[in-house]
Amino acid sequence: MNSLQRIGLFTAALGVAFGAAYGIGVGIGPLDTDPEPAAHGESHDPPARVEAPAGLQVSERGLTLDLRTTTLAAGRPGTLEFVVRDARGDAVTAFDRAHGKQLHLIVASRDLTTYRHLHPVRAADGTWSTPVTLPAAGAYRVFADFVPSGAEKGLTLGADLTVTGRYTARELPPPAPTATVDGYTVTLDGSLTPGRESDLTFTVRDAHGDPVTRLQPYLGAYGHLVALRSGDLAYLHVHPHDAAEGAATSGPAVSFAATTPSAGTYRLFLDFKVGGEVRTAAFTVTAGTGAGAGHTAPPPAETGHEGTHGHP
């Protein structure tokens, strides 16, 4: 058999193979992406539209988080510096206030056992900075949460931070309905439902077990909540039900609405203010199974607030 005959046979074989594959594809048809028919008595209404998780991108909507500080040393005071840049690379200096601030900066370890809500200040050239001390070595995520001037909705950009030192792996605390911080016990009532807005209510009690009815306004409400998804650290959209101004009561309960993009484990960080000091209670929640399992409060996370208050 000469070379031309071999090539002809090879080409024919390819034709048979591709034809068979095409026939199989036609026989199967397109994948059915429609949901399964609802069982008797179940709702046919589609789930609420869930926004794409925030904080997973360093650039979005023409804006970029330029984190100038990418490395800090564990346990040592340092300074975080960053700039929000537009599509031309210029520093952004115009922001709308949201929850009383032009920008909220959140720093969380990848294992979600360390959390900081920082209050940076912005220089005239657009550089934001804040002091911070992070207790443990490891991988961290920095979130800049802000509303660009004139924008209809806010934006959260994220960038990675490395904290050097001797690393010790830490597991996420198990789900539990209560958390204790500085003698205050906070109880979570509610659960996260994937694909839908969920109501979460936190009740604060003092060391004697009495309800705290004199919570102080913090960031435009009687509490501020940040929710992060374990694994990729997606930043959830959370909104308080009652603003501090005009609210009927000042505790002991503070309520929020949270939209969960998927099933999975989440870490909730509640900031509340009593006696002029802001404290943070942390919870582990599994979406779809309730607020938490077990009866023992999880070990306290390394939470805190650092930086200069009252930034522009």
Side-chain angles (χ1 to χ4, degrees), residues 53-55 104 106-117 135-136 140-141 143 145 170-194 196-207 209 211-212 215 218-219 221-242 251-274 277-305:
H104 299 267
I106 304 298
V107 180
S109 59
R110 283 281 177 181
D111 58 15
L112 293 177
T113 60
T114 297
Y115 168 88
R116 295 288 185 270
H117 185 166
Y140 285 71
R141 189 73 171 169
F143 301 94
D145 185 350
R170 293 176 294 178
E171 294 186 0
L172 191 68
T178 61
T180 303
V181 53
D182 294 342
Y184 292 91
T185 299
V186 183
T187 302
L188 169 59
D189 182 20
S191 60
L192 295 175
T193 302
R196 296 189 183 276
E197 187 176 86
S198 305
D199 290 328
L200 303 172
T201 299
F202 299 86
T203 302
V204 184
R205 297 181 181 274
D206 62 20
V212 176
L215 293 175
Y218 178 64
L219 300 176
Y222 287 116
H224 183 268
L225 181 66
V226 168
L228 299 172
R229 184 169 61 190
S230 179
D232 61 359
L233 269 63
Y235 191 99
L236 270 64
H237 299 276
V238 179
H239 308 282
H241 279 313
D242 295 317
V254 187
S255 298
F256 301 85
T259 303
T260 312
S262 68
T265 301
Y266 294 80
R267 191 74 165 153
L268 310 183
F269 299 95
L270 173 71
D271 297 331
F272 63 96
K273 188 175 182 180
V274 180
E277 184 176 348
V278 178
R279 297 168 173 85
T280 303
F283 296 82
T284 301
V285 177
T286 302
T289 62
H295 304 283
T296 303
E302 287 286 350
T303 57
H305 298 74

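Just the heavy atoms: all of them, side chains too, but no hydrogens, waters or symmetry mates, feed the values below.
- Taking each heavy atom of Leu215 and Gly251 in turn, the nearest pair found is CD1-CA, 3.8 Å.
- Summarising the geometry of Arg110 relative to Leu233, their closest heavy-atom pair is O-CD1, 3.6 Å, with the distance given to 0.1 Å.
- Atom CZ of residue Phe269 and atom CD1 of residue Ile106 lie 9.5 Å apart, to the nearest 0.5 angstrom.
- Looking at heavy atoms from C-beta onward, Ser255 lies in side-chain contact with Thr201 at the 4.5 angstrom threshold.
- Remark: Glu171 engages no residue in a side chain to side chain donor-acceptor pair (under 3.5 Å) (not counting sequence neighbours).
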Practice problem: Go through the steps for Val181 and Thr280 under the test side chain to side chain contact (heavy atoms under 4.5 Å, CB included), then give the verdict. | Solution: CA-CA 7 Å; Val181 53; Thr280 303; 5.9 Å; no

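- Annotation: side chain of His117 is not in contact with side chain of Val278 (no heavy-atom distance under 4.5 Å).
- Looking at heavy atoms from C-beta onward, His104 lies in side-chain contact with Leu219 at the 4.5 angstrom threshold.
- Between the side chains of Thr187 and Thr178, not a single donor N or O lies within less than 3.5 Å of an accepting N or O.
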Practice problem: Take Tyr115 and Asp271, measure what side chain to side chain contact (heavy atoms under 4.5 Å, CB included) needs, and give me the verdict at the end. | Solution: CA-CA 11 Å; Tyr115 168 88; Asp271 297 331; 3.8 Å; yes

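- Phe272 has its ring centre no less than 6.0 Å from the ring centre of Phe202.
- In this structure, OG1 on Thr265 lies 11.0 Å from CZ on Arg229, to the nearest 0.5 angstrom.
- When all heavy atoms are compared, the tightest approach of Pro135 to Tyr140 is CD-OH, 4.4 Å.
- Closest heavy-atom contact between Pro175 and Thr286: CG-OG1, 3.9 Å.
- Of the possible polar contacts, one joining the Ser198 side chain to the Thr193 backbone as a donor-acceptor pair under 3.5 Å is found.
- Rounding to the nearest 0.5 Å gives a distance of 6.0 Å between CG of Leu268 and CG of Leu192.
- Note that the CG atom of Leu236 and the CZ atom of Phe256 stand 13.5 Å from one another [nearest 0.5 Å].
- Note that the CG atom of Leu270 and the OH atom of Tyr218 stand 10.5 Å from one another [nearest 0.5 Å].
- Considering Leu228, Val107, Val226 as possible partners of Phe143, the one that fulfils the side chain to side chain contact (heavy atoms under 4.5 Å, CB included) test is Leu228.
- With hydrogens and angles ignored, the 3.5 Å screen pairs no side-chain donor or acceptor of Arg170 with any backbone N or O of Asp111.
- With sequence neighbours excluded, the residues that form a side chain to side chain donor-acceptor pair (under 3.5 Å) with Tyr266 are Ser262.
- Looking at Pro173 and Thr113, their side chains come closer than 4.5 Å, going by heavy atoms from C-beta outward.
- Leu112 CG to Arg141 CZ: the interatomic distance, rounded to the nearest 0.5 Å, is 12.5 Å.
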